Amino acid sequence: MAASGSWKSGSGSSMGLERMSVEQLKAVKEQADLEVNLLQDSLSNIRTATTRLEIASSALNDLSLRPQGNHILVPLTASLYVPATLHDSQHVLVDVGTGYFIEKTMPEGKDYCDRKINLLKSNFDQLVEVASKKKNVADEAGVILQAKLKQLASSS
Amino acid sequence: MASSSSASGSGSASAVTERRGIPGAQFVEDVQTYLTQSGLDVGSALAFLQERLQQYKVVEMKLLAQQRDLQAKIPDIEKCLDVVATLKAKKGTGEELIADFEVSEGIYSQARIEETDSVCLWLGANVMLEYSLEEATGLLQKNLDNARASLEVLIADLQFLRDQVTITQVTIARVYNWDVHQRRIQQAVATTAQD
């Protein structure tokens with residue numbers, strides 16, 4: 001692709017796109033659309049993960065307010081609950097992935113969740129920025145492509 | 001070619017069966033007779049068969065979804081039965097059980113389960129009922145048996161459905177090939193007549 005490097009740079013992007021042939025523009029638009037879709041999927045996944053962590057954080061907060069020996073219904077499976085008492089309200093096991101569990105105190109658990117949420121939010125913001133740039137490129141390529149096709153149609 | 005006119009009958013020999021609302025596909029032995037009896041031309045017959053094939057595909061998708069649900073449900077019921085059996089075994093020993101339970105996704109806490117005579121089962125639709133250990137075992141066992149029976153029926157339905165899909169696809173191919181064959185014959189006749 002002749003000007004594939006130039007359209008990524010931003011200010012000179014339209015100049016680079018203008019010089020491209022119809023086939024190249026189609027390829028650029030398809031590529032940009034594909035990347036936008038992938039980024040949208042990633043954003044959706046991050047949003048879901050953030051929501052899950054926020055729920056976990058609020059659950060920890062709720063648990064820390066309950067005294068040890070408090071009566072609760074414990075979920076032993078997804079659909080079976082038994083009456084029990086809270087054994088240790090000061091410590092929790094945190095699943096950190098790949099089969100590893102770390103015992104943490106309540107404040108440490110909350111801190112872990114908050115740090116993960118902040119990390120995901122910063123990633124989310126970065127991805128939003130990248131996605132909007134890619135979308136602009138795709139839209140620009142689409143506009144130029146339409147103009148070129150119209151030009152070709154009128155000349156023939 | 002797929003079929004010749006010499007074959008007898010149109011497939012009425014193999015009776016069109018039906019299984020739990022899924023219509024059986026008719027095996028076409030002789031395309032000519034089949035088209036005559038059904039009163040359709042080749043285009044209409046192919047369109048009808050394609051539509052039937054699509055219907056089979058839709059039903060297959062639904063059955064596969066049901067199968068996935070049941071295959072996920074059965075291990076869960078088995079797990080529940082194991083837990084109830086463990087609670088039954090611990091009953092009367094005076095031994096307390098320390099369990100790690102999921103507070104939220106990825107967060108676990110510890111609970112002390114003392115001797116208990118009952119468990120709560122989540123039945124769905126925001127309904128939870130308390131059962132004695134014996135009642136819970138009975139109910140879960142019944143649910144497990146029902147789920148396994150349903151799965152067996154579902155697998156049989158899927159097998160039947162796949163057979164019907166195969167028959168329909170073969171019929172489509174044979175009708176199409178027969179049409180091509182007829183066109184070639186007509187073309188040959190026309191060429192001979194011109195000569």
Side-chain angles (χ1 to χ4, degrees), chain A residues 48-114 116-117 120, chain B residues 69 72-91 95-133 135-141 143-144 147:
Chain A
T48 309
T50 307
T51 308
R52 278 210 307 262
L53 281 161
E54 279 166 352
I55 291 166
S57 185
S58 72
L60 281 173
N61 194 47
D62 189 45
L63 196 66
S64 65
L65 301 174
R66 295 173 187 274
Q68 196 164 314
N70 200 5
H71 285 278
I72 52 170
L73 273 177
V74 175
L76 294 182
T77 72
S79 56
L80 187 133
Y81 295 74
V82 292
T85 54
L86 202 56
H87 181 59
D88 185 359
S89 60
Q90 294 312 306
H91 293 87
V92 285
L93 274 178
V94 178
D95 183 359
V96 291
T98 62
Y100 285 93
F101 294 84
I102 299 172
E103 190 176 288
K104 290 178 181 282
T105 61
M106 279 291 177
E108 284 172 347
K110 280 185 210 166
D111 181 53
Y112 171 80
C113 286
D114 292 340
K116 286 273 278 188
I117 288 165
L120 286 171
Chain B
D69 289 348
K73 202 168 146 189
I74 288 168
D76 187 49
I77 298 170
E78 284 171 343
K79 210 187 288 181
C80 287
L81 273 167
D82 283 347
V83 170
V84 174
T86 306
L87 290 171
K88 264 186 179 176
K90 292 277 179 189
K91 196 178 167 186
E95 198 182 328
E96 60 182 30
L97 205 66
I98 303 291
D100 284 297
F101 68 96
E102 196 170 20
V103 178
S104 172
E105 206 169 331
I107 307 285
Y108 297 81
S109 186
Q110 282 192 334
R112 189 192 296 113
I113 302 166
E114 282 132 19
E115 265 197 39
T116 180
D117 295 323
S118 62
V119 291
C120 299
L121 289 177
W122 180 263
L123 304 178
N126 284 344
V127 176
M128 188 193 272
L129 282 181
E130 190 172 354
Y131 291 91
S132 69
L133 295 176
E135 283 177 326
T137 305
L139 179 73
L140 288 166
Q141 192 59 57
N143 285 357
L144 184 61

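Lettering follows sequence order; numbering is per chain, from 1. No hydrogens, no waters, no symmetry mates; every other heavy atom, side chains included, goes into these values. This is a predicted model, so every value here is computed, not measured.
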(request) Assess whether atom NZ of A:Lys110 is packed by more than 12 heavy atoms of other residues, nucleotides or ligands within 6.0 Å. (result) yes
- Task: Report, as yes or no, whether the 6.0 Å neighbourhood of atom NZ on A:Lys104 holds more than 12 heavy atoms from other residues, nucleotides or ligands.
- Result: yes
Note to self: Could you go through B:Phe101 and A:Leu73, starting from their C-alpha distance and side-chain angles, then the distance that decides it, and tell me whether this counts as side-chain contact (heavy atoms from CB on, under 4.5 Å)?
What the structure shows: CA-CA 10 Å; B:Phe101 68 96; A:Leu73 273 177; over 6 Å; no
From the list A:Leu93, A:Val74, A:Val92, side chain to side chain contact (heavy atoms under 4.5 Å, CB included) with B:Asp100 holds only for A:Leu93
Scanning both residues in full, the closest heavy-atom pair of B:Ile113 with A:Pro83 reads CG2-O, 4.2 Å
Here the gap from A:Tyr81 atom OH to B:Ser118 atom OG, rounded to the nearest 0.5 Å, amounts to 15.5 Å
Rounding to 0.5 Å, atoms CD (A:Glu54) and OG (B:Ser104) come to a distance of 11.5 Å
Tell me whether the rings of A:Phe101 and B:Tyr108 are parallel (<30°), tilted (30 to 60°) or perpendicular (>60°). perpendicular
Sequence neighbours excluded, the answer for ring pair (Phe, Tyr, Trp, His ring centres under 6.0 Å) partners of B:Tyr131 is none
Go through the atoms of [X] and report whether side chain, backbone, both or neither lie under 4.5 Å from a heavy atom of chain B.
X: A:Ile55; result: both
X: A:Tyr112; result: neither
X: A:Leu80; result: both
X: A:Ile72; result: side chain

So what's closer than 4.5 Å to chain A heavy atoms on [X]: side chain, backbone, both or neither?
X: B:Val119; answer: both
X: B:Gln110; answer: both
X: B:Leu87; answer: side chain

4.5 Å side-chain heavy-atom contact, A:Val94 and B:Ile107: yes
Max heavy-atom pairs within cutoff under 4.5 Å with chain B, candidates A:Leu63, A:Asp95, A:Thr85, A:Val82, goes to A:Thr85
